[in-house]
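Okay, so here's the structure we're looking at.
Chain letters run A, B, ... following the sequence lines, proteins first and then strands; every chain starts at 1.
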Number of protein chains: 2
Amino acid sequence: MTGITLADVAKYAGVSTATVSMVLCNKGRISQSTRERVLKALDESGYVYNQTAANLRNRSSNQVGLLLHDITNPFYGEMTAGLSHEMERHELMLFLANSEESAERQQKFVDSLMRNNVGGMVLCAARETPQSFFDSLKRRNIPAIMVVRPLSDPGFDFVGTDNFLGTQMATEHLLKMGHRRIAFIGGSQNSGSRAQRIGGFTSKLLEYGITPNPAWIVTSQASQSDGARVAESLLTDNPEITAAICYQDIVALGVMQCLRKLNREPGRDFALVGFDDITEAALVQPALTTVSVAAKEIGRKAGELLYSRMQGNDEPAKRIILPPALVVRESCGFR
Amino acid sequence: MTGITLADVAKYAGVSTATVSMVLCNKGRISQSTRERVLKALDESGYVYNQTAANLRNRSSNQVGLLLHDITNPFYGEMTAGLSHEMERHELMLFLANSEESAERQQKFVDSLMRNNVGGMVLCAARETPQSFFDSLKRRNIPAIMVVRPLSDPGFDFVGTDNFLGTQMATEHLLKMGHRRIAFIGGSQNSGSRAQRIGGFTSKLLEYGITPNPAWIVTSQASQSDGARVAESLLTDNPEITAAICYQDIVALGVMQCLRKLNREPGRDFALVGFDDITEAALVQPALTTVSVAAKEIGRKAGELLYSRMQGNDEPAKRIILPPALVVRESCGFR
DNA sequence: CTGAAAGCGCTTACAG
DNA sequence: CTGAAAGCGCTTACAG
């Protein structure tokens with residue numbers, strides 16, 4: 001706080017505050033000579049614009065919020081980078097909060113955003129978010145874009161990936177390599193993304209005349225260790241399984257570990273596909289074949305949409321579903 | 001924007017705005033009955049506090065900024081989570097920006113922060129930051145905590161890890177396992193952290209009577225592929241090297257790839273230590289022995305320090321150096 | 001214990 | 001083309 005206000009600058013330049021303000025915002029018609037005098041005063045005074053005052057006066061805001069449930073997840077790091085970049089382009093400031101899957105902390109953050117009068121927000125809601133959260137969000141009538149986690153509520157804009165198509169591609173890849181006994185490993189029971197991914201998986205199986213076996217579709221937490229745990233019991237009980245689609249790359253990494261423990265080499269004795277294309281996927285041995293969902297692009301698109309909403313775009317709620325891509329690496333072998 | 005103001009609530013409750021404000025902030029003495037009336041009005045009206053107005057009036061702010069150069073780096077994701085958690089405890093809103101190593105974007109962000117009148121900031125500055133950036137920051141006289149990347153300027157608070165000690169521990173580990181021909185791979189030429197890590201490395205070598213070989217100390221970009229590239233030429237030219245300390249885990253992962261290409265199995269034919277302890281480190285095969293720097297803790301401590309500065313703590317600038325820990329896994333073998 | 005009024009630093013009709 | 005003045009929604013001395 002230098003403490004120099006627009007009024008000080010005006011006095012110094014010998015004009016009114018209105019004039020300085022207009023020069024600052026490039027509004028109204030100001031004579032060349034006056035403009036120069038003001039610019040000079042602005043420069044020499046070390047004036048710092050007070051956005052807070054402007055926001056109050058304008059009843060507007062240059063601020064938006066991003067709510068994530070896990071910023072440490074590399075996937076969301078990428079997405080955040082994409083969003084942040086987009087926000088910067090529009091001179092918007094980005095508030096970040098990490099709910100850590102707590103509905104309570106999430107609610108608190110959104111309340112803070114409202115008090116801080118943000119212009120909009122991007123949300124990847126916690127798993128156990130009560131419907132009331134979304135209802136109250138809608139009542140506030142402030143632009144909110146949902147990302148990544150599909151929402152059954154069609155009242156919100158959404159940007160995410162085509163989970164269904166993603167696993168269809170992955171499943172087809174395995175089927176074309178000759179696999180017929182394919183498992184689906186991971187995701188939590190109440191996950192909407194998971195339902196969609198299972199949909200892509202089973203529909204493709206059926207297309208090839210294969211009846212999905214419910215016993216081969218198992219849940220897992222989003223960690224390597226739980227992936228390994230779950231896979232171990234599945235594959236010991238059902239050694240005839242030759243391939244698996246995993247709900248997430250992290251889970252796939254766990255399954256890899258488990259395979260080695262069971263003396264089955266991934267990529268040779270067992271084919272594995274992941275989902276997300278996190279950095280690790282390219283690094284493990286064998287490198288993981290996976291469905292890439294362009295996290296950065298999700299962030300960018302969400303930012304774009306949010307900005308347009310803030311500009312007054314009032315088309316009905318929109319769902320932007322980005323096409324996934326199958327990244328073939330080594331974990332399915334080279335047959 | 002429901003548009004309901006404190007004045008509306010006051011009218012509704014039949015009191016003055018001063019009274020409502022005092023109830024809201026728990027200041028002054030308000031009779032029980034009045035308080036209840038106000039609380040009821042507050043509740044029924046759906047009033048949303050306008051933090052912007054309060055900030056303007058108070059010439060204060062509940063907002064702080066975090067500037068990173070790469071939010072997609074898992075290390076910074078962890079750090080951000082730690083900081084975010086700490087900020088939440090103090091009811092502070094966190095602005096995030098990603099400079100992507102651009103001094104220009106970094107400057108723009110800090111300028112925005114100033115205009116938005118933040119109470120303080122946490123910075124991990126871009127590599128090529130001009131001294132003028134830091135000078136102007138100091139002139140602003142706003143709390144700023146530097147993190148991770150060591151700064152020669154002692155005028156700033158700093159929170160980071162003990163790079164020197166970290167590589168000392170790593171080097172000692174290798175030496176105790178019998179290695180004598182050890183390389184140092186990675187980091188960029190002008191990195192201060194790297195200088196410190198090399199210091200720990202060479203000082204420990206000397207302690208064991210070994211003269212450091214400058215030809216075995218090579219730079220690399222912060223990517224797996226460049227790590228692999230750099231290691232390949234180093235190890236083909238100097239096959240007698242049996243171990244390496246890597247500047248970062250990502251580089252170490254690249255070195256692993258290269259080793260396989262050269263038909264040397266990491267953990268058996270070659271010992272490898274990383275630095276950072278990113279998630280991947282535990283996942284690769286063999287799991288990477290590395291120096292853990294508690295990224296989350298850096299974020300937390302930075303937040304704590306920032307908060308105390310915002311409360312008026314005016315002790316001289318402080319450096320908080322967190323102790324690293326050597327996490328022994330498999331990449332150095334089990335001899 | 002409570003209210004009237006000034007003021008935080010901007011912007012914007014409205015005059016001239 | 002430029003200025004005087006009101007007002008955004010709070011908080012805080014100051015009276016009473």
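In this structure, A:Arg59 atom CZ and D:dC10 atom P are separated by 10 Å, rounded to whole Å. Rounded to whole Å, atom C1' of C:dG3 lies 11 Å from atom CD1 of B:Ile30. Rounded to an integer number of Å, the gap from A:Lys11 NZ to D:dA4 C1' is 15 Å. The CG-P distance, from B:Asn55 to D:dG9, rounds to 15 Å in whole Å. Across the protein-nucleic acid pair, B:Asp8 atom CG and D:dC10 atom C1' stand 13 Å apart, rounded to whole Å. Remark: P of D:dC1 and CD of A:Gln32 are 11 Å apart, rounded to the nearest angstrom. Taking atom CG on A:Asn62 and atom P on C:dG9, their separation rounds to 18 Å, with Å as the unit.
When heavy atoms are screened at a 4.0 angstrom cut-off, A:Leu56 is found touching base atoms of the nucleic acid.
With sequence neighbours excluded, the residues satisfying side-chain contact (heavy atoms from CB on, under 4.5 Å) with B:Glu100 are A:His85, B:Asn98, B:Arg105. The side-chain contact (heavy atoms from CB on, under 4.5 Å) test applied to B:Ser61 returns B:Gln63, B:Asn117, not counting sequence neighbours. With sequence neighbours left out, B:Phe75 forms a side-chain contact (heavy atoms from CB on, under 4.5 Å) with B:Asn73, B:Val148, B:Asp276, B:Val293, B:Ala295, B:Ile298. Here B:Gln131 pairs with B:Phe134, B:Asp135, B:Asp153 under the side-chain contact (heavy atoms from CB on, under 4.5 Å) rule; sequence neighbours left out. Scanning for side-chain hydrogen bond (donor to acceptor under 3.5 Å, both in side chains) contacts around B:Lys301 gives B:Glu297, with sequence neighbours left out.
The salt bridge (Lys or Arg N to Asp or Glu O under 4.0 Å) contacts involving residues 41-51 of chain B comprise B:Lys40-B:Glu44, where partners must be two or more places apart or lie in separate chains. Applying the ring-ring contact (aromatic ring centres under 6.0 Å, His included) test to residues at least two apart or on different chains, the pairs with a partner in residues 93-122 of chain B are A:Phe95-B:Phe95.
B:Tyr76 and B:His69 have perpendicular rings, their planes meeting at more than 60° on a 0 to 90° scale where under 30° would count as parallel.
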Heavy-atom protein contacts under 4.0 Å, nucleotides 11-16 of chain C, coded B base, S sugar-phosphate only, - none: BB----
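Tested against A:Val118, the residues A:Asn62, A:Ile142, A:Val110 include a single side chain to side chain contact (heavy atoms under 4.5 Å, CB included) partner, A:Ile142.
For the OP1/OP2 pair of C:dG9 and a distance below 4.0 Å, the side-chain nitrogens and oxygens of A:Thr5 include no atom meeting the criterion.
Stem analysis of DNA chain C (Watson-Crick or G-U pairs, both distances under 3.5 Å, runs of at least three) returns C:1-3 with D:14-16, C:5-12 with D:5-12, C:14-16 with D:1-3.
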